[in-house]
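Only one structure is covered here, and it is reproduced in the block below.
We count ligands from 1, going down the list as the structure has it; atoms in each ligand are counted the same way. This chain uses plain numbering: 1 for the first residue, then up along the sequence.
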Amino acid sequence: MSYAKVLKFGGSSLATPERIKNSIEIVKQAHDSTQQMAVVVSAFGGVTDALILIARLASLGKNEYQKHFYELKSRHVAACKELILQKKAPYVLEELEKMFHELSSVIDGIFLVGECSEKTLDLVMSFGERFSAFIISEAAIPFIQDAVFLDARNIIKTDRHFGHAQVDFEKTNKNIQKWFQENPKMPVVTGFIASSNENETTTLGRGGSDYTASIIGAALGVYIIEIWTDVDGVMTADPRKEEYAFVIPEMSYREAMEMSHFGAKIIHPPTIAPAFEKKIPLLIKNSFHPSAEGTLISFTSSNNEALICGISSIDSLALLSLQGSGMVGVCGIAKRLFGALSEKEINVILISQGSSEHSICFAILPEFVENAKKAIQKEFALEMQAHLIDDVVIENDLSVIAVVGENMRKTTGISGKLFAALGNNGINVVAIAQGSSELNISFVVKKQDEVKAINVIHEAFFLSPKKTVHVFLAGTGLIGKALLQQIERFSEKIQNEQQLNIKIVGIANSLQMAFHPQGMNLKDWESSLKENHEHMNVRHFVDRMIGCNLPNSIFADCTSSEEITLQYGDILKANISIVTPNKKANSGSYDDYKKLRNTAQKKGVKFLYGANVGAGLPIISTIHEMLRSGDKIVKIEAILSGTLSFLFNSFTEGVVFSELLSKAQANGFTEPDPRDDLNGMDVARKLLILARESGYPLEMKDITVQKILPEKCFEAHSVPEFYENLKKFDEELNKKRIDAERDGKVLRYIATFEKNIGTVSLQAVRKEHPFYNLSGTDNIVAITSEFYKENPLVIKGQGAGAEVTSGKVFADIISLGQKI
Ligand code: ADP
Ligand code: ASP
Ligand code: MG
């Protein structure tokens with residue numbers, strides 16, 4: 001006789017009476033179209049954990065266990081009242097009462113002796129499934145008349161390895177077949193639990209109800225085993241760790257085995273084997289969303305264009321290494337090592353041995369570390385005494401991540417892509433192992449890097465649906481604000497057209513800072529910054545940014561602060577790219593300038609500062625392109641200050657310079673202290689950067705700055721005082737203008753670089769000069785090179801303004817996102 005189908009419902013599908021009703025409805029529909037079937041159920045969601053807690057509290061002599069016990073009881077009684085028809089309720093409640101009475105005696109016993117063995121814990125845990133299967137079988141009867149409660153302890157036999165018992169398939173299969181022959185009914189079977197030959201209660205390991213379903217399905221030779229859970233199927237990664245994980249429609253048994261072995265909780269690892277042996281497909285379905293197709297696990301492997309099937313991880317591990325000169329070329333070391341571990345029943349999750357044979361390292365669960373250490377020390381006591389083998393080295397707080405897929409076998413370059421993605425995000429790989437089946441590459445990382453590693457691998461291997469960059473913004477002045485507005489305005493478009501999600505995860509101004517690793521709502525960043533009472537401290541901001549450890553992190557520095565640029569080295573070292581209009585970092589010493597580039601290169605991150613010169617104009621990028629094409633830059637002539645450009649473009653007859661400056665300041669065209677524009681330093685910095693970008697190792701001292709105004713004029717204690725001083729020079733400046741005009745010229749503040757020397761000076765240029773006709777805040781750069789010898793290459797356009805500057809920063813952020 002063959003039961004056509006097994007359906008298994010996990011705790012998540014049975015967490016509330018409402019969910020249970022829904023699950024019964026799924027069973028009913030299946031039952032209507034399938035003649036014979038079995039249903040396997042877990043304990044109601046959270047019940048096994050609650051039972052473990054009760055047992056633990058009781059064993060510690062803590063009275064609180066009673067409170068938890070009564071909560072558990074009332075939860076089940078309430079479920080009964082809601083699920084069971086009135087006429088049947090007294091019987092069901094009475095049976096339930098008997099079971100709770102039995103449980104209460106066991107727990108009181110634990111409390112009295114102050115101890116709970118593995119064996120007793122199995123007994124305690126078994127009640128979860130016994131309660132749920134009993135209640136569900138009774139609740140199902142009105143819809144499915146032949147529903148009947150079946151305690152799996154009567155059919156599934158195991159060894160006495162409590163907590164993780166091994167199934168005796170010979171006996172179990174016979175029992176299952178016999179039961180179903182004798183009972184032409186639809187059993188609601190307790191998942192997870194079984195019994196030993198001595199009829200002691202055992203369990204199959206946490207999450208083991210999936211296994212029960214597979215054991216029963218295989219024994220009966222059903223045509224499908226359905227696992228009903230709370231997600232749409234097996235996903236490319238744990239959806240709690242990877243926002244963009246998606247369902248894998250089909251995967252092979254081997255892929256499912258590897259995924260589950262390396263931590264994908266959705267299937268209990270041993271579940272696959274019985275189904276695989278009997279060629280029975282497993283279908284993972286969502287009880288919350290039954291119309292979703294789910295994942296079919298069979299002989300057909302995943303057909304992902306992405307080369308890999310999925311990523312899974314075990315989040316808590318320890319890595320042990322054994323090393324020493326006495327291991328080289330000596331046979332049998334591995335055998336002894338793993339023999340000693342197996343004797344202590346310690347499961348080894350990953351092994352890696354260098355070809356020098358000098359060391360072997362392996363990963364195990366943290367709870368086994370002490371036992372493993374002792375076992376190894378005992379096994380190699382003699383070698384350790386003779387200093388041929390060192391003592392075991394233990395590293396804690398690690399995670400193992402496995403990249404799984406049948407396609408990997410046929411494809412080269414997977415490891416390259418994998419480790420490049422990790423490296424570019426600063427994730428250190430502690431150990432690597434690849435099975436010879438090439439079905440999985442697994443590697444160990446620090447626990448704190450686990451989620452980040454999953455995210456970057458997911459992004460690297462799966463084309464869709466989206467990539468995310470995490471932006472930390474410093475500076476909420478004109479440029480920072482404009483940047484936030486642009487991101488807010490265009491984020492939907494960028495998400496749709498470029499599949500790029502730009503999340504602002506940190507914001508700071510000179511007073512406050514705020515962090516939201518999930519991404520801020522850009523509509524009210526101002527209030528979230530205000531409400532957040534964290535005072536801005538540059539070093540703390542940087543530490544927090546590094547501490548967030550988010551993949552594809554970008555620091556957008558929209559300040560002009562030197563205190564911040566001093567942190568750039570550390571930021572790049574932490575694999576965070578920088579985009580900025582802030583010139584300070586690039587105009588310090590040449591040594592520092594070089595160092596930043598080296599760090600960025602070494603770390604595989606970007607330092608983008610296109611907005612350093614000419615706001616949004618493509619000046620720096622053009623120089624880079626010229627150099628890439630083999631050109632050599634010979635001379636640069638430029639007007640590099642939007643402010644000064646504006647001033648001299650507007651300085652015509654009848655205009656008083658000090659009044660013009662005051663107007664410009666009122667319109668926001670100058671720095672808060674206009675001396676910063678007029679002293680020429682800003683222009684000198686920009687020239688220095690252009691010279692350096694052109695390949696010349698210039699220092700600031702190599703640039704001569706001729707100030708527009710005499711030094712005396714700048715010596716003022718305040719801006720108003722400076723204006724007073726300036727008035728005294730209005731006449732002198734006016735005279736310069738008239739002199740120039742007399743010769744048919746106009747005044748321009750020009751930066752020149754040639755033959756390793758830079759100058760910045762006020763010059764009068766004639767009509768034929770390319771700098772004669774400028775308007776507004778125009779910047780202009782004329783580059784003479786070996787290719788552009790006769791006529792220089794000229795770039796001209798609006799060279800100041802918050803929007804064009806932030807636009808460049810925004811474009812740089814997007815370009816980083818596209819490179820992921
Ligand atoms: P049930 O209660 O049905 O047994 P589990 O909680 O044991 O359900 O397993 C389902 C959970 O497994 C999902 O809610 C999800 O959070 C987690 N999970 C981990 N890895 C994956 C993955 N690769 N695909 C889908 N779910 C996963
Ligand atoms: N109830 C058990 C557990 O929580 C078994 C299962 O749900 O599969 O581990
Ligand atoms: Mg489960």
In this structure, atom 3 (O) of ligand 1 is nearest to the protein heavy atom Thr229 OG1, 2.7 Å
Looking only at protein heavy atoms, identify the closest one to atom 24 (N) of ligand 1 and say how far it is in Å. Met235 N, 2.8 Å
Is Ala237 touching ligand 1 with its side chain, its backbone, both, or neither, if touching means heavy atoms under 4.0 Å apart? backbone
Close approach of Ala245 to ligand 1, heavy atoms, under 4.0 angstrom: no
Here the atoms of ligand 1 under 4.0 Å from any heavy atom belonging to Gly233 are 24 (N), 25 (C)
Run the numbers for me: atoms of ligand 1, each under 4.0 Å from some heavy atom of Val234, listed by number. 24 (N)
Is the shortest distance from a Lys or Arg side-chain nitrogen in Glu25 or Lys28 to a carboxylate oxygen in the other one below 4.0 Å? no
Pairwise distance CD1(Ile26) to NE2(His31) - rounded to 0.5 angstrom: 15.5 Å
Which of the atoms of ligand 1 are close to Ser12, meaning less than 4.0 Å from one of its heavy atoms? 1 (P), 2 (O), 3 (O), 8 (O)
Below 4.0 angstrom, N of the basic side chain to O of the carboxylate: do Arg160 and Asp122 qualify? no
Taking distance alone, with N or O pairs closer than 3.5 Å, would you say Asp210 contacts ligand 1? no
Looking at Asp315 and Lys241, is any side-chain nitrogen of the basic one under 4.0 Å from a carboxylate oxygen of the acidic one? yes
With heavy-atom distances below 4.0 Å as the criterion, list the atoms of ligand 2 near Glu129. 1 (N), 2 (C), 5 (C)
State yes or no: are the ring centers of Phe131 and Phe44 separated by less than 6.0 Å? no
Spatial distance of atom NZ (Lys5) from atom CD1 (Ile280) [nearest 0.5 Å]: 13.5 Å
How far is atom 27 (C) of ligand 1 from its nearest protein heavy atom, and which residue and atom is that? Pro239 CD, 3.6 Å
For ligand 1, is Gly310 a contact, meaning one of its heavy atoms is under 4.0 Å away? no
Minimum-distance protein heavy atom relative to atom 4 (O) of ligand 2: Arg206 NH2, 2.9 Å
Might you point out which heavy atoms bring Leu439 and Arg254 nearest each other, and give the distance in Å? CD2-CB, 3.5 Å
Taking distance alone, with no angle check, do Gly207 and ligand 2 share an N/O pair under 3.5 Å? yes
Distance to 0.1 Å, residue and atom name: give those for the protein heavy atom nearest to atom 21 (C) of ligand 1. Asp238 CA, 3.7 Å
Tell me which one of Lys503, Glu459, His470, Lys467 satisfies side chain to side chain donor-acceptor pair (under 3.5 Å) with Asn552. Glu459
Gly208 near ligand 2, heavy-atom distance under 4.0 Å? yes
Of all protein heavy atoms, the one nearest atom 12 (O) of ligand 1 is Ile266 N, 3.5 Å
Could you tell me if the ring centre of Phe419 sits under 6.0 Å from that of Phe443? yes
How close does the nearest protein non-hydrogen atom get to atom 7 (O) of ligand 1, and which residue and atom is it? Lys265 CE, 3.4 Å
Phe100 and its ring pair (Phe, Tyr, Trp, His ring centres under 6.0 Å) partner, picked from Tyr70, Phe134, Phe127, Phe69: Phe69
Using a strict 4.0 Å cut-off to heavy atoms of Ser42, name the atoms of ligand 2 that fall inside it. 6 (C), 7 (O), 8 (O)
Which of the numbered atoms in ligand 1 are below 4.0 angstrom from a heavy atom of Val231? 13 (C), 14 (O), 25 (C), 26 (N)
Among all the protein's non-hydrogen atoms, which is closest to atom 17 (C) of ligand 1, and how far away is it? Arg240 NH2, 3.4 Å
Would you mind checking if Lys171 and Asp168 are paired as a salt bridge, meaning a charged N to carboxylate O distance below 4.0 Å? yes
For the CD1 atom of Ile272 and the CD atom of Glu277, what is their distance to the nearest 0.5 Å? 13.0 Å
Atom 11 (C) of ligand 1 sits nearest the protein heavy atom Asp230 OD1, 3.9 Å
Between the side chains of Lys8 and Asp210, is the shortest nitrogen-to-carboxylate-oxygen separation below 4.0 Å, so that they form an ion pair? yes
Structural part of Lys8 in contact with ligand 1, heavy atom criterion under 4.0 angstrom: side chain
